[in-house]
Amino acid sequence: MTLHIYNTLTRKKEIFTPINPDQIGMYVCGPTVYDFAHIGNARPVIVFDVLYRLLKTLYPNVTYVRNITDVDDKINAKSKETGEDIRTITERTAKAFHEDMAALNAGRPDIEPRATEHIAEMIEMIERLIENGNAYAIDGHVLFHVPSMPEYGTLSGRNMDDMIAGARVEVASYKKDPADFVLWKPSADDVPGWDSPWGRGRPGWHIECSAMSRKYLGDTFDIHGGGHDLIFPHHENEIAQSCCANNTEKYANYWMHNGHLMVEGEKMSKSLGNFFTVHDLLEEVPGEALRFYMLSAQYRSPFDFTKEGVKEAKATLDRFYSALRQTSDLEPAQVSAPDKFIDALKDDLNTPLAISHLHESLSAFNKTPSAELKGQILACAEILGILQQDVEGWFKGTGSSGVDEAEIERMIADRIAAKAGKDFAMADKIRDDLVAMGVVLEDGPTGTTWKLK
RNA sequence: GGCGCGGUGGUAGAGUGGUUAUGCAGCGGAUUGCAAAUCCGUGAACAGCGGUUCGAAUCCGCUCCGCGCCUCCA
C-alpha cells in the first residue's frame with residue numbers, strides 16, 4: 001500500500017506523491033510561546049511526530065520544520081500583565097514546551113525557526129507582495145489585498161461574498177476591502193518593533209510561516225500541517241501570501257489538519273475550569289500514556305479528553321510493559337513492523353487500526369513468546385513512540401514516588417517465608433499492607449514482582 | 001446567515017455493499033492457597049424516515065441531534 005493522506009485542499013484522501021522522493025519537506029505550525037502548552041496543543045505535536053516517524057521509514061530524507069512564534073500580541077499582553085520581560089517569557093515558555101513535548105516522546109523537528117530571527121525575510125516577502133500589486137501600505141500598516149488574488153478561499157472552501165455577508169467584525173477604516181488582512185503593523189514604543197520601510201512595526205500573524213517555510217523548504221513543498229482551527233484564516237492567508245509573493249500556483253501540496261480536542265464532553269476553556277496543561281498532567285500520569293491516549297483516535301476526529309480515558313490508556317500500556325517484563329530474558333529479533341501495521345498508518349495515519357493490530361500481536365506474544373514477535377511489537381511501538389521507557393522504571397516509578405524499594409523487597413521476602421510456612425493469613429496481611437502503600441504484587445513462575453498502582 | 005465535519009454495541013473506537021474489528025467493562029471457565037497477571041469461551045451496535053440494490057450500518061435524499069470555523073485574537 002502506498003501512503004494516502006487526506007488533503008484538506010481537495011477534501012479527499014489522496015495518494016501521496018512527493019515533489020522529490022529524495023527530499024520530503026513538511027511544515028507544521030508550532031506554538032506561540034506565552035504560556036504552558038495545553039493538551040490541545042499537544043495533539044498536533046504528537047500526530048505529526050508519528051507522521052514524521054512514518055515518513056522516515058518510507059523516504060531517505062525528510063525535513064520537518066516547526067516554527068516558534070515569539071512575537072505576538074498575546075505575548076505582549078502577558079508581559080504587560082505580569083511585568084515580566086518579553087524575552088524572558090518567550091525563552092522560558094519555549095524551554096517548557098520542549099520539556100513537555102519531550103515527555104510525550106515527541107522528537108524535535110529538524111529545524112525550529114523563531115519568528116523574531118526571520119524579520120528580514122518577512123519584510124522582503126512583504127516588499128515583493130507590494131511590487132506584485134497584492135499588498136498596499138497605509139498608515140504604517142501593510143495589508144494584503146484579497147481581491148488581488150482570484151483563487152483566494154480555495155483551502156477553506158468559501159467565497160468572499162459569503163464571508164462578508166456573515167461577517168461579525170468591524171472593518172478597520174484603512175482597509176480597501178473588508179477581507180484584507182495585515183502583513184505588517186506599527187508598534188507603539190512599549191511593544192516590540194523592528195525598523196522597516198513602513199516605519200517601526202511588527203509582522204502580522206500569518207507572514208512568518210510563509211517566510212520561514214520558504215526559507216527552509218522552498219516555494220512549494222510537500223506537507224503542511226496544523227490544527228483544524230487554522231484552516232481559516234491562517235492557512236488560507238499563508239497560501240495567498242506565498243503564492244503571490246513567489247509567483248507560484250502551489251504552496252503546500254498536501255494540507256493536513258488535526259481535529260479539535262474537548263475535555264469531558266465540553267469545550268476546553270479556562271472559565272469552565274477544565275483547562276489542562278501538559279505540564280500539570282505530567283504530574284499525574286506518564287507522558288507516554290498521554291501520547292498513547294491521543295493516538296487511540298484517528299487524528300482528524302474530534303477527541304474527547306477524559307481523565308478516565310487517560311487511566312485506561314495507562315492501563316493498556318501496563319499490559320504491554322507487563323509482557324515485556326515477563327520476557328525480560330528474551331532478546332527481541334531485529335525485525336521491522338508488520339505490513340498490516342504499517343499499512344494502517346499509511347492509510348491517512350489510522351493509528352486506532354494500527355493499535356488494534358498491535359493488540360493482536362500482544363495476544364499472540366502472551367500465548368507463545370518469541371523473539372520474532374517481541375521484535376515486531378517493539379518495532380511498531382517505536383513508530384508510535386511508545387514503550388520507550390525502561391520496563392522496571394515504568395512499573396516502579398522514577399524514584400520520586402516516595403516508596404522505599406528495599407522495604408518492599410524485605411516485605412516480599414517475609415511474605416514468601418510466610419507462604420512457605422503455610423501462614424496464609426500473614427502472607428495476605430503483608431500483601432494488604434503493600435496495597436495500602438500503593439504496591440501491587442504479582443506471583444509468577446519465576447518469583448514475585450511488584451508494581452506501583 | 002455562510003462554509004464544513006460528525007452521529008457505530010455498556011463504553012472508547014476502526015472498518016466494509018453480502019463474511020469476527022480491537023481495547024476496556026460484563027458474564028462463564030482455566031490457572032492461583034486466595035489474589036494479581038495471563039489464557040480460553042461468550043452476549044451486545046451501526047440516530048430516524050424514505051430511495052437505489054438480489055442484498056445497506058456501508059451508496060443517495062430528507063429529518064432530528066451534536067460540533068467546528070466565519071480575519072489580525074471575543
Side-chain angles (χ1 to χ4, degrees), chain A residues 8 11 32 72-74 76-77 141 143-144 146 152-153 156-172 175 177-185 202-207 227-237 240 257 259-262 265-267 292-293 295-298 300-304 306 308-309 311-313 315-316 318-320 322-323 325-326 344 347 350-369 418-420 422-425 427-428 431-432 434-435 439-445 448-451 453:
Chain A
T8 307
R11 300 179 198 293
T32 300
D72 184 279
D73 287 352
K74 283 192 282 277
N76 300 341
H141 292 73
L143 296 162
F144 185 94
V146 169
Y152 187 85
S156 53
R158 48 189 93 202
N159 64 66
M160 296 319 303
D161 295 341
D162 290 343
M163 279 191 285
I164 292 161
R168 280 177 285 168
V169 291
E170 284 183 36
V171 178
K175 287 187 180 184
D177 186 280
D180 292 352
F181 58 89
V182 165
L183 298 170
W184 189 264
K185 55 188 166 187
R202 59 196 194 281
W205 174 25
H206 318 293
I207 193 71
H228 187 254
D229 55 328
L230 297 179
I231 294 172
F232 191 90
H234 186 234
H235 289 161
E236 194 70 74
N237 291 352
H257 296 278
H260 265 179
L261 198 131
M262 311 268 289
E266 289 183 304
K267 186 172 179 170
F292 185 65
Y293 180 38
L295 295 176
S296 71
Q298 209 269 349
R300 281 187 285 122
S301 325
F303 189 95
D304 189 18
T306 65
E308 190 57 37
K311 268 173 60 183
E312 203 176 289
T316 304
D318 282 347
R319 196 160 166 259
F320 280 97
S322 183
R325 188 185 214 185
Q326 280 158 20
D347 185 10
N350 192 338
T351 50
L353 185 61
I355 289 169
S356 82
H357 295 320
L358 193 51
H359 277 294
E360 287 162 4
S361 297
L362 176 66
S363 292
F365 181 68
N366 277 332
K367 250 171 277 186
T368 45
K419 275 171 61 171
K422 300 276 186 216
D423 185 357
F424 295 120
D428 289 349
R431 188 170 61 196
D432 290 345
L434 281 163
V435 166
V439 174
V440 178
L441 298 187
E442 288 176 17
D443 293 337
T448 297
T449 55
W450 63 273
K451 63 182 180 185
K453 188 66 193 154

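In what follows, every chain begins at residue 1, and chains take the letters A, B, ... in the order their sequences are listed.
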Counting heavy atoms from C-beta on, name the nucleotide in B/G4, B/C72, B/C39 closest to the side chain of A/R11.
B/G4
C1' gap between B/C62 and B/G68, integer Å:
23 Å
Do any side-chain nitrogens or oxygens of A/S301 fall under 4.0 Å of OP1 or OP2 in B/A14?
yes
Taking only N and O in the side chain of A/R325, is any of them less than 4.0 Å away from OP1 or OP2 of B/U38?
no
Integer angstrom distance from the P of B/G10 to that of B/G6
23 Å
Between A/F292 and A/A313 the two heavy atoms that sit nearest each other are CD2-O, 3.9 Å
I want to verify a distance call: between B/C73, B/G13, B/C69, whose nearest atom is closest to the A/H260 side chain?
B/C69
Look at the side chain of A/E442 and decide which nucleotide, out of B/C24, B/G68, B/A36, has an atom nearest to it.
B/A36
Quick one: look up who B/A45 pairs with, Watson-Crick or G-U, both distances under 3.5 Å, and put none if it's unpaired.
none
Paired nucleotide for B/C3 [Watson-Crick or G-U wobble; both distances under 3.5 Å]:
B/G68
Is there a salt bridge (charged side-chain N to carboxylate O under 4.0 Å, His left out) between A/D443 and A/K419 once you walk through the steps?
CA-CA 12 Å; A/D443 293 337; A/K419 275 171 61 171; 3.1 Å; yes
Between A/K185 and A/D347, which residue's closest nucleotide on RNA chain B lies nearer the 5′ terminus?
A/D347
Nearest to the side chain of A/A297, which nucleotide is it out of B/A14, B/C24, B/C72?
B/A14
What distance, rounded to whole Å, do you find between the two C1' atoms, one in B/G33 and one in B/A45?
42 Å
Quiz question: going by heavy-atom distance under 3.5 Å, is there a donor-acceptor pair between the base of B/G33 and the side chain of A/D428?
yes
Which base, if any, makes a Watson-Crick or G-U wobble pair with B/U19, both distances under 3.5 Å?
none
Taken to the nearest 0.5 Å, the spacing of A/D428 CG from A/D423 CG works out to 9.5 Å
On a whole-Å scale, what distance lies between the C1' atoms belonging to B/A21 and B/G48?
26 Å
Which part of the nucleic acid, if any, lies within reach of A/D443 when heavy atoms closer than 4.0 Å are counted: base, sugar-phosphate only, or nothing?
base
Test ring pair (Phe, Tyr, Trp, His ring centres under 6.0 Å) applied to A/H235 and A/H206, step by step:
CA-CA 8 Å; A/H235 289 161; A/H206 318 293; 9.3 Å; no
Which of the following nucleotides, B/A14, B/C39, B/A35, is nearest to the side chain of A/Q298?
B/A14
Who pairs with B/G50 - Watson-Crick or G-U, where each distance is under 3.5 Å
B/C60
Specify the closest pair of heavy atoms between A/A323 and A/F365, including all atoms of both residues, with the distance to one decimal.
O-CE2, 3.8 Å
OP1, OP2 of B/C72 versus side-chain N and O of A/R202: anything below 4.0 Å?
no
Integer angstrom distance from the C1' of B/G2 to that of B/G17:
35 Å
Pairing check on B/C39: which nucleotide meets the Watson-Crick or G-U wobble criteria with it, both distances under 3.5 Å?
B/G29
Check whether any side-chain nitrogen or oxygen of A/N237 sits under 4.0 Å from OP1 or OP2 of B/C72, and answer yes or no.
no
B/U52 to B/U71 separation - P atoms, rounded to the nearest Å:
44 Å
Walking RNA chain B from its 5' end, the first of A/E360 and A/S363 to be reached, judged by nearest nucleotide, is A/E360
Contact class for A/E236 (heavy atom, under 4.0 Å): base, sugar-phosphate, or nothing?
nothing
Would you indicate which nucleotide in B/A37, B/G68, B/U22 comes nearest to any side-chain atom of A/Q326?
B/A37
What is the nucleic acid contact for A/G309, judged by heavy atoms within less than 4.0 Å: base, sugar-phosphate only, or nothing?
nothing
Tell me, with the steps shown, if A/F181 and A/H234 meet ring pair (Phe, Tyr, Trp, His ring centres under 6.0 Å).
CA-CA 10 Å; A/F181 58 89; A/H234 186 234; 10.0 Å; no
Checking contacts here: which listed nucleotide (B/G33, B/A35, B/G23) is nearest the side-chain heavy atoms of A/F424?
B/G33
Tell me whether the OP1 or OP2 atom of B/G6 has a side-chain N or O from A/R300 closer than 4.0 Å.
no
Which listed nucleotide (B/A14, B/C69, B/G33) is nearest to the side chain of A/K419?
B/G33
Remember a base hit wins even if backbone is also touched, and classify A/D180 as base, sugar-phosphate or nothing at under 4.0 Å, heavy atoms.
base
The side chain of A/E312 lies closest to which of these nucleotides: B/A35, B/C24, B/A37?
B/C24
Full working for side chain to side chain contact (heavy atoms under 4.5 Å, CB included) between A/L353 and A/D347
CA-CA 10 Å; A/L353 185 61; A/D347 185 10; 5.9 Å; no
Pick base, sugar-phosphate or nothing for A/I231, based on heavy-atom distances below 4.0 Å to the nucleic acid.
nothing
Please determine whether salt bridge (charged side-chain N to carboxylate O under 4.0 Å, His left out) holds for the pair A/K185 and A/D73, giving the CA-CA distance in whole Å, both sets of side-chain angles, and the decisive distance to 0.1 Å.
CA-CA 11 Å; A/K185 55 188 166 187; A/D73 287 352; 3.2 Å; yes
For the side chain of A/S356, starting at C-beta, report the closest nucleotide among B/U22, B/A37, B/C34.
B/U22
Distance check, C1' atoms only: B/C40 and B/C46, in whole angstrom units.
29 Å
Which value, in whole Å, describes the distance between the P atoms of nucleotides B/A12 and B/C67?
16 Å
Classify the nucleic acid contact of A/K422 as base, sugar-phosphate or nothing, counting any heavy atom under 4.0 Å across all strands shown.
nothing
B/C39 OP1/OP2 closer than 4.0 Å to side-chain N/O of A/N366:
yes
